[in-house]
Amino acid sequence: MRIAFFDSGIGGISVLHEAMKQLPHEDFLYFADTLHVPYGTKSKDEVLSFVKQAVETISKEEVSALVIACNTATSIAISELRNIYEMPIIGMEPAVKPALAMNRSSGKRVLVLATPLTLKESKYRELVSRIDDMHMVDSLPMPELVQFCEQLNVDNQQIIDYFHTQLASFDLSMYGTLVLGCTHFPFFRSVLKKILPDHIQIVDGSAGTVNRLTQLLSDRDQLLGKGHSDLKWMCSDSNPEYLEKMRKALELFEVVGV
């Protein structure tokens, strides 16, 4: 049985990488919805339809659990998917809660970068309103980052200039933590470390998601726990070039995402 990871494109590889690090003996499947990437700029109804189609395909494989390694897909589809399938389905949410906890003593603000659709969804707004009692969280949509990432264009002068432009209106001395609220965005961790003030910490939801995955599979006694890990790649358009891009993206993330 494999642990499946799903995203619109290569972004969820950042979560897969964390799982491979924490669960080195498990077998994995990674599925990218290449027919419909990106999700973050599409309508809610479109994304829900795309996710349901993709998960139906994934469910035909032998999988023990499914990680929706996409914040946008999680916010729109996770509840409906859990009503349809019996297997454990784990979603993502921006790491706002740990970011606020990290800033509690300093009183500094939190800046969340995400796709426009994630930031518009009630799931995100409810998360922030529930835990941000001091109104310390600001949000910035950055849809272009998904396209840059899909091109494996993650660390050069073009990317540096783009971040400088997008962040120009923010007084970064007021912020203590930057939240990467899309699974594509950890691919830009290296370049962000170059341009952000040293005091700003960068967080994402990968570790918390994999911790939850591990707990659920352990409770169900479904962790292999031994042997060599195997990884199967799939994409919705069965494009061999994209399958190769996913392999390259995993190798790239080892360099730029940690």
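For the numbers below, each heavy atom of this structure counts, side chains included, while hydrogens, waters and symmetry mates do not. When a residue number appears, it is its place in the shown sequence, counting from 1.
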Assigning hydrophobic clusters by single linkage (Ile, Leu, Val, Met, Phe, Trp, Tyr; side-chain heavy-atom cutoff under 4.5 Å), is L145 placed with V255? yes
Are any non-hydrogen side-chain atoms of L113 and F163 less than 4.5 angstrom apart? yes
Classify the side-chain pair D171/S173 by whether it contains a donor and acceptor separated by less than 3.5 Å. yes
Audit row: E80, K52, salt bridge (charged side-chain N to carboxylate O under 4.0 Å, His left out) steps and yes/no: CA-CA 9 Å; E80 190 160 340; K52 289 171 71 174; 2.8 Å; yes
Mind checking whether D204 and F185 have side chains closer than 4.5 Å, heavy atoms only? no
Please collect all ring pair (Phe, Tyr, Trp, His ring centres under 6.0 Å) contacts where either partner lies in residues 50-86, sequence neighbours excluded, each pair once. H36-F50
Going through the distances and angles, do D33 and S236 end up as a side chain to side chain donor-acceptor pair (under 3.5 Å)? CA-CA 5 Å; D33 188 9; S236 55; 2.8 Å; yes
Is there a donor-acceptor contact under 3.5 Å from the side chain of S190 to the main chain of V256? yes
E86 CD: over 12 foreign heavy atoms closer than 6.0 Å: no
Just verifying a value: how many Å separate M136 CE and R104 CZ, rounded to the nearest 0.5 Å? 9.0 Å
Taking I90 as the starting point, is it possible to reach L127 by hopping between hydrophobic residues whose side chains are less than 4.5 Å apart? no
Side-chain donor/acceptor of R109 to backbone N/O of D138, under 3.5 Å: no
Here the gap from K123 atom NZ to T72 atom OG1, rounded to the nearest 0.5 Å, amounts to 11.0 Å
Note: A249 and I13 closest approach over all heavy atoms is CB-CD1, 3.8 Å
Is a side-chain donor or acceptor of D237 paired with a backbone partner of L35 at a separation under 3.5 angstrom? no
Go through the side-chain N and O atoms of N103 and T177 and say whether any donor and acceptor fall under 3.5 Å apart. yes
When you measure from the side chain of T183 to the backbone N and O of S14, does any donor-acceptor pair fall under 3.5 Å? no
What pair of heavy atoms forms the shortest contact from S8 to H184, and how long is it? OG-CE1, 4.0 Å
When you look at CG of D230, are more than 12 heavy atoms from neighbouring residues, nucleotides or ligands closer to it than 6.0 Å? yes
Nearest 0.5 Å, what's the CD-CG distance between Q53 and L48? 10.0 Å
Is it true that the side chains of Y124 and N71 contain a donor and an acceptor less than 3.5 Å apart? no
V15 and M234: same hydrophobic cluster, using ILVMFWY side-chain contacts below 4.5 Å? no
I'd like to check V51 versus I76 (side-chain heavy atoms, cut-off strictly below 4.5 Å). Are they in contact? no
Value rounded to 0.5 Å, distance of CG in L29 from CD1 in I3: 11.0 Å
List the steps and the verdict of side-chain contact (heavy atoms from CB on, under 4.5 Å) for E46 and S49. CA-CA 5 Å; E46 284 180 308; S49 174; 5.9 Å; no
Under 3.5 Å: donor-acceptor pair, side chain of H17, backbone of G12: no
Are I58 and L16 connected in the hydrophobic side-chain network, where two residues link if heavy atoms are under 4.5 Å apart? no
Ignoring hydrogens and geometry beyond distance, is a side-chain donor-acceptor pair present between Q157 and D161 at under 3.5 Å? yes
Between the side chains of T115 and T118, does any donor sit under 3.5 Å from an acceptor? yes
Does either side chain, that of E126 or that of S129, offer a donor lying less than 3.5 Å from an acceptor on the other one? no
Would you please indicate yes or no on a ring centroid separation below 6.0 angstrom for F253 and F187? yes
In terms of heavy-atom contacts, G9 and Y30 come closest through O-OH, 2.6 Å
In short, M92 meets C70 closest at the heavy-atom pair CG-N, 3.7 Å
So CG of L66 and CD of E61: to nearest 0.5 Å the spacing works out to 12.0 Å
Run the side chain to side chain donor-acceptor pair (under 3.5 Å) test on Q22 and E18 for me, step by step, so that the C-alpha distance in whole Å, both residues' side-chain angles and the decisive distance to 0.1 Å come before the verdict. CA-CA 6 Å; Q22 289 195 35; E18 179 67 25; 2.7 Å; yes
Flag side-chain contact, heavy atom, 4.5 Å: S64 against M87: no
Checking the side chain of E150 only, and the main-chain atoms of I10 only, is there a donor and an acceptor separated by less than 3.5 Å? yes
Heavy-atom closest pair, residues F188 and C149: CZ-N, 3.8 Å
Please report the C-alpha distance between H199 and K108 in whole Å, then the side-chain angles of each, then the deciding distance to 0.1 Å, and finally whether the side-chain contact (heavy atoms from CB on, under 4.5 Å) criterion is met. CA-CA 10 Å; H199 72 272; K108 290 190 177 294; 4.0 Å; yes
Is there a side-chain contact between I131 and V137 in this structure, where contact means two heavy atoms from C-beta onward sitting under 4.5 Å apart? no
So, does D132 use its side chain to make a donor-acceptor pair with the main chain of V128 at under 3.5 Å? no
Would you say the side chain of D7 lies within less than 4.5 Å of the side chain of I68, judging by non-hydrogen atoms? no
Report yes or no: does K42 contribute a side-chain atom to a donor-acceptor pair with the main-chain N or O of P38 at less than 3.5 Å? yes
So F5 and F31, ring pair (Phe, Tyr, Trp, His ring centres under 6.0 Å) or not? Walk me through it. CA-CA 6 Å; F5 288 76; F31 184 99; over 10 Å; no
Look at the side chain of S218 and the backbone N and O of Q215, then say whether any donor-acceptor pair between them is shorter than 3.5 Å. no
With side chains defined as the heavy atoms from C-beta onward, is the minimum distance between R2 and E62 less than 4.5 Å? no
Here the gap from K193 atom NZ to D155 atom CG, rounded to the nearest 0.5 Å, amounts to 11.5 Å
Examine V154 and Y242 and state if one hydrophobic cluster contains both, with Ile, Leu, Val, Met, Phe, Trp and Tyr joined whenever side-chain heavy atoms are less than 4.5 Å apart. yes
Just so I know, are the side chains of L231 and R247 near enough to count as touching, which here means a heavy-atom distance under 4.5 Å? no
L223 and T214: side-chain contact (heavy atoms from CB on, under 4.5 Å), yes or no, with the steps? CA-CA 8 Å; L223 289 173; T214 303; 4.2 Å; yes
Take I195 and I160 through the test side-chain contact (heavy atoms from CB on, under 4.5 Å) and record every step on the way to the result. CA-CA 7 Å; I195 66 173; I160 291 171; 3.9 Å; yes
Contacts of N156 meeting side-chain contact (heavy atoms from CB on, under 4.5 Å) (sequence neighbours excluded), chain-then-number -> N153, Q158, I159
For L140 and L119 the tightest heavy-atom approach is C-CD1, 3.7 Å
